[in-house]
Undergrad: 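Okay, here's the structure, questions in a sec.
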Number of protein chains: 2
Amino acid sequence: MAPIELPPGDALKLWHQIALRQVLDESPDLNIRQIAILLTIYLEPPPHTVRDLARKLKVTKPVITRALDTMSHMKLLERRPDERDRRSIVVRRTVEGTLYLEKLGDLISHTARGQGSNG
Amino acid sequence: MAPIELPPGDALKLWHQIALRQVLDESPDLNIRQIAILLTIYLEPPPHTVRDLARKLKVTKPVITRALDTMSHMKLLERRPDERDRRSIVVRRTVEGTLYLEKLGDLISHTARGQGSNG
DNA sequence: CCTTTTCGTTTCGGTACCGTACCATCGAAA
DNA sequence: TTTCGATGGTACGGTACCGAAACGAAAAGG
């Protein structure tokens, strides 16, 4: 895989266009912690528990609980009891969450493509 | 300028790493609207008034007013009365805001560079 | 059994954001 | 001058987030 050349100035323009698009589209505005949690769940190997996520992001457990409340209500992910240890829960992906992140990836990718050229 | 090739999968990994870094660094978490406002002010030609920003982002004026309150308190930008029309204010850049966005651009750029290569 | 530890959730007080509606000021035009 | 529209700010009620602390349930260990 070739390194991606993205000078700081272009990076900010890219960020700007993506932020602008998200605002104009009125897409659900997850805060930065929720985004980090969601992407960790989808991009890193399972299982994901509240405790693991809290430790990985260096946030308190209630932050994870509340983020899971919000995002599971949006159907972006799903809680499941852990069969082996009933104190734990396991966070799982959903179809809706997969679609949401696919769209996000496409948006970033497409914006980056338009960004580099002189358009 | 060459087009930037950033496949959706890599885009999500990039997003993940940047979000993770922002959370771990406890950087001030501006919401998506505030980011869009800030970058518009810094990347598009002045002058920037509340009304212009509200129209450009298709949000209500109080959204802009509150975002300016928050970000001017963080010294990321500055309100100034418009000399020509005293009903208007003009939003201006600050040194701190410039530094903040320079750091953000560097973070994105650096993360993207590490993203594409196998590092 | 009983105590301690672990896990996720809930509660508490506080802060920040939202949209709707209203307000004070300024500028333009009669 | 008065009237009217434009501009930015404020007030209100509601929602969501935060950290700290307390909680109930389940596991671990005596």
Undergrad: Tell me the interatomic distance from B/Glu83, atom CD, to C/dC26, atom P, rounded to whole angstroms.
TA: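 In whole Å, C/dC26 P and B/Glu83 CD are 13 Å from each other.
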Undergrad: May I ask you to decide whether A/Asp69 forms a salt bridge with A/Arg66, counting only side-chain N to carboxylate O separations under 4.0 Å?
TA: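 Salt bridge absent between A/Asp69 and A/Arg66.
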Undergrad: State the CG-CD distance between B/Leu76 and B/Glu96, to the nearest 0.5 angstrom.
TA: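 With rounding to 0.5 Å, CG (B/Leu76) is 8.0 Å from CD (B/Glu96).
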Undergrad: Taking atom P of C/dG19 as reference, at what distance in whole Å does atom CG of B/Leu57 sit?
TA: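 In whole Å, C/dG19 P and B/Leu57 CG are 12 Å from each other.
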Undergrad: What's the spacing between B/Thr94 OG1 and B/Glu78 CD if we round to 0.5 Å?
TA: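 Answer for the OG1-CD pair, B/Thr94 versus B/Glu78, is 7.0 Å.
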Undergrad: Which ones in residues 31-39 of chain B lie close to DNA chain D, meaning a heavy atom under 4.0 Å from one of its atoms?
TA: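 Heavy-atom contacts with DNA chain D come from no residue of residues 31-39 of chain B; none.
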Undergrad: Of A/Thr70 and A/Arg86, whose closest DNA chain D nucleotide lies nearer the 5' terminus?
TA: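 Nearest nucleotide further toward 5': that of A/Thr70.
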Undergrad: Using a 6.0 Å cut-off, check whether atom CZ of A/Arg79 has over 12 heavy atoms from anything other than its own residue.
TA: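 For A/Arg79, atom CZ is crowded (more than 12 foreign heavy atoms under 6.0 Å).
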Undergrad: Rounding to an integer number of Å, can you tell me how far B/Arg80 CZ sits from D/dG8 P?
TA: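 Result: 16 Å.
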Undergrad: Is it true that A/Glu26 and B/Lys58 have a side-chain N and a carboxylate O under 4.0 angstrom from each other?
TA: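 Here A/Glu26 does not pair with B/Lys58 in a salt bridge, since their nearest N and O are not under 4.0 Å apart.
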Undergrad: Does A/Asp106 pair with A/Arg113 as a salt bridge, N-O distance under 4.0 Å?
TA: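 A salt bridge is absent here (no side-chain N lies under 4.0 Å from a carboxylate O).
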Undergrad: Would you call B/Arg87-B/Asp85 a salt bridge at under 4.0 Å N-O?
TA: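 Salt bridge present between B/Arg87 and B/Asp85.
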Undergrad: Give the rounded distance in Å between these two atoms: CG of A/Leu30 and C1' of D/dT15.
TA: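 My rounded result for the distance is 16 Å.
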Undergrad: Just by protein heavy atoms under 4.0 Å, how would nucleotides 4-11 of chain C read 5' to 3' in B, S and -?
TA: --BBBBB-
Undergrad: Show your working on side-chain hydrogen bond (donor to acceptor under 3.5 Å, both in side chains) between A/Thr40 and B/His16 and close with a plain yes or no.
TA: CA-CA 7 Å; A/Thr40 296; B/His16 183 209; 2.9 Å; yes
